[in-house]
Q: 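Please see the structure below; I have some questions.
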Protein chains: 2
Amino acid sequence: MNGNAQVSSNQKPRRTDIRRENERTILDAAEKVFAEAGYGGATMQLIADMAGLPKANLHYYFPTKEALYRQVVRNIFEIWLHAADTFDHAPGPVEGIGGYIEAKMDISRRHPFGSKVWASEVMHGAPVIQDYLETTLQDWTEGRMAAIQRWIDEGKMAPVNPRHLLYMLWAMTQHYADFGHQIETLNNGKPLSDHQWREATETVKTVVLRGIGVQT
Amino acid sequence: MNGNAQVSSNQKPRRTDIRRENERTILDAAEKVFAEAGYGGATMQLIADMAGLPKANLHYYFPTKEALYRQVVRNIFEIWLHAADTFDHAPGPVEGIGGYIEAKMDISRRHPFGSKVWASEVMHGAPVIQDYLETTLQDWTEGRMAAIQRWIDEGKMAPVNPRHLLYMLWAMTQHYADFGHQIETLNNGKPLSDHQWREATETVKTVVLRGIGVQT
DNA sequence: CCACAACCTGACCATCCGGTCAACATATTT
DNA sequence: AAATATGTTGACCGGATGGTCAGGTTGTGG
């Protein structure tokens, strides 16, 4: 909550460190504010307060509000893509899809703000990352679809439309971040406990894996 | 796209009709603008232009931007709740849950803007409809959970955490509205065809129903 | 220790936005 | 047809917001 992101006791803050740390502080604050207020509702003043820096300082590191927002979205996209690593070197759907669900549920828990910013961006027509959707995401999607199709052809899972299966996985896992407030409200206003997160992950995994004809 | 919502050829527009029609025109325009720009990004001028009315006229029917937004969210919530009708008078999960999926997929297709407004509202902490979440939605959720639990107890479906199953259903069905832009982009920029919508619905139904141990 | 570059920030500005209002138009009632 | 209620709208206002800038501070290389 405090903007002071000083990495413990440093007598002399190096020049490069200053830049890196301040950019990080600002980006973290921006991610939170953009997630909670939306792009239009977020103000540079709010982000500055959250970061514990004067507003003018933000404009020193990021020329415009849009540039700052762009960087936030880019960062999230990176995290997003890496969650697929489990998909690739998996022998079958149990490890591949099961692992993917675990990884994405974990991201939903650890990066709820990022997930919301991404959701907002897409819901508003992806004005900033449209090109990424058309290139990187499209390629990524086709790669995973091919992997799923391969498992189907090898008889390792039931024949299910790979594209819509992917959409289902995205939907279910990200839901726990994007609609976290609703879930928390329905949990008597308390955040999900460790146990409840496991329960959620297990339920998703169980239903999906059984749904694609793997494991009972 | 045109704000003229006149219901065909009327010689004399009745007073009551005028009010009703204008409110409808404004609410439709507002729903779209709020969905596409978010609450903070939406401006009364944008909504006015979309509705084809001068801005001051909006304030004649709705005192403030927030009041207008509130009404939009309320309307969506109503539609939302009615989708559960299929749930109630169903003999088992195949009809109950299968029908619910179909109903919600249909809503996602017919009311994509409303779904996005709802998603935005919840993502931003539900500042406007928090009380609804705590009362109406909580009651609704517990009712459906009980129904699911009954089916489990009667051996009509596999034992699955009813709460998380509900969340999964919400997530998957609403995803097709909220992330419609992403899905459209991954469909070569074209909206899903009738056939593709059926395919999506069938895939969700198949995986879920098989996932809860019903039907092959 | 000096000069330069990087960093910091209070004060300021142009623009935009939600909301108001007075004057006017149209329909309904008496 | 006069009086009244309802609907319409251009012009205006106060406040907030993104962004600028001049002048200052702090670290760094020579």
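Below, chains carry the letters A, B, ... as their sequence lines are ordered, and counting in each starts from 1. Since the structure is predicted, the reported quantities are computational estimates derived from the model, not experimental observations. What you see below is based on every heavy atom in this structure, not just the backbone, and it leaves out hydrogens, waters and symmetry mates.
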Q: Side chain of A:A56 only, heavy atoms from C-beta on: which candidate in D:dG7, D:dG19, D:dC21 is closest?
A: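 Closest nucleotide to the A:A56 side chain: D:dC21.
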
Q: Checking all strands, does A:A42 fall into the base, sugar-phosphate, or nothing category for heavy-atom contacts under 4.0 angstrom?
A: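 Sugar-phosphate only.
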
Q: Rounded off to whole Å, could you give me the CG-to-P distance for the B:L53 and D:dG7 pair?
A: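 So the two atoms are 13 Å apart, to the nearest Å.
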
Q: Please report, rounded to the nearest Å, how far the C1' atom of D:dG19 is from the CD1 atom of A:I47.
A: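 Rounded to whole Å, this separation is 14 Å.
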
Q: Base, sugar-phosphate or nothing for A:Y61? Non-hydrogen atoms, less than 4.0 Å.
A: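 Counting heavy atoms under 4.0 Å across all strands, the contact made by A:Y61 is with sugar-phosphate only.
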
Q: In whole Å, I'd like the distance from the CG atom of A:N57 to the P atom of D:dT20.
A: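 Interatomic distance, CG of A:N57 to P of D:dT20: 15 Å.
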
Q: How many whole angstroms separate atom NZ of B:K65 from atom C1' of C:dT20?
A: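 In whole Å, C:dT20 C1' lies 17 Å from B:K65 NZ.
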
Q: Ignoring backbone atoms, establish whether A:Y60 has a side-chain N or O less than 4.0 Å from OP1 or OP2 of C:dC8.
A: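 Checking C:dC8 against A:Y60, no side-chain N or O comes under 4.0 Å of OP1 or OP2.
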
Q: Using the six-membered ring of A:Y39, assess whether NZ or CZ of A:K65 lies under 6.0 Å from its centre and within 45 degrees of the ring axis.
A: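 Yes.
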
Q: Examine the base of D:dG18 for any acceptor or donor lying under 3.5 Å from a partner atom in the side chain of A:K55, and report the outcome as yes or no.
A: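 Under the 3.5 Å cut-off, the side chain and the base do form a donor-acceptor pair.
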
Q: If the threshold is 4.0 Å, N to carboxylate O, is there a salt bridge linking A:R74 and A:E78?
A: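 Looking at A:E78 together with A:R74, the answer is no, because their closest N to O distance does not fall below 4.0 Å.
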
Q: Starting at CG of B:L46 and ending at P of C:dG18, how long is that distance when rounded to a whole Å?
A: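 After rounding, the gap between these two atoms is 9 Å.
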
Q: Write down the distance between CG (B:L58) and P (C:dC17), rounded to a whole number of angstrom.
A: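 Result: 14 Å.
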
Q: If we ignore hydrogens and angles and just use 3.5 Å, is the side chain of A:E121 paired with the main-chain N or O of A:V128 as donor and acceptor?
A: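 The answer is yes, because a donor-acceptor pair under 3.5 Å joins these two groups.
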
Q: Does B:R19 make a side-chain N or O approach to OP1 or OP2 of D:dT6 shorter than 4.0 Å?
A: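 Looking at the OP1 and OP2 atoms of D:dT6, neither is under 4.0 Å from any side-chain N or O of B:R19.
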
Q: Look at the side chain of A:I18 and decide which nucleotide, out of C:dG18, C:dC7, D:dT6, has an atom nearest to it.
A: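 The answer is C:dC7, which lies nearest to the side chain.
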
Q: Could B:R198 and B:E102 be called an ion pair, given the rule that one side-chain N must be under 4.0 Å from one carboxylate O?
A: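 Answer for the salt bridge query: yes.
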
Q: Measure from CZ on B:R20 to P on D:dG7 and round the result to the nearest Å.
A: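 Roughly 13 Å, once rounded to whole Å.
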
Q: Please determine, for the side chain of B:M44, which listed nucleotide (D:dG19, C:dG18, C:dC8) has the closest atom?
A: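 When the side chain of B:M44 is considered, C:dG18 is the closest of D:dG19, C:dG18, C:dC8.
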
Q: Does a salt bridge link A:R24 with A:D17, judged by any charged N lying under 4.0 Å from a carboxylate O?
A: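 No salt bridge links A:R24 with A:D17.
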
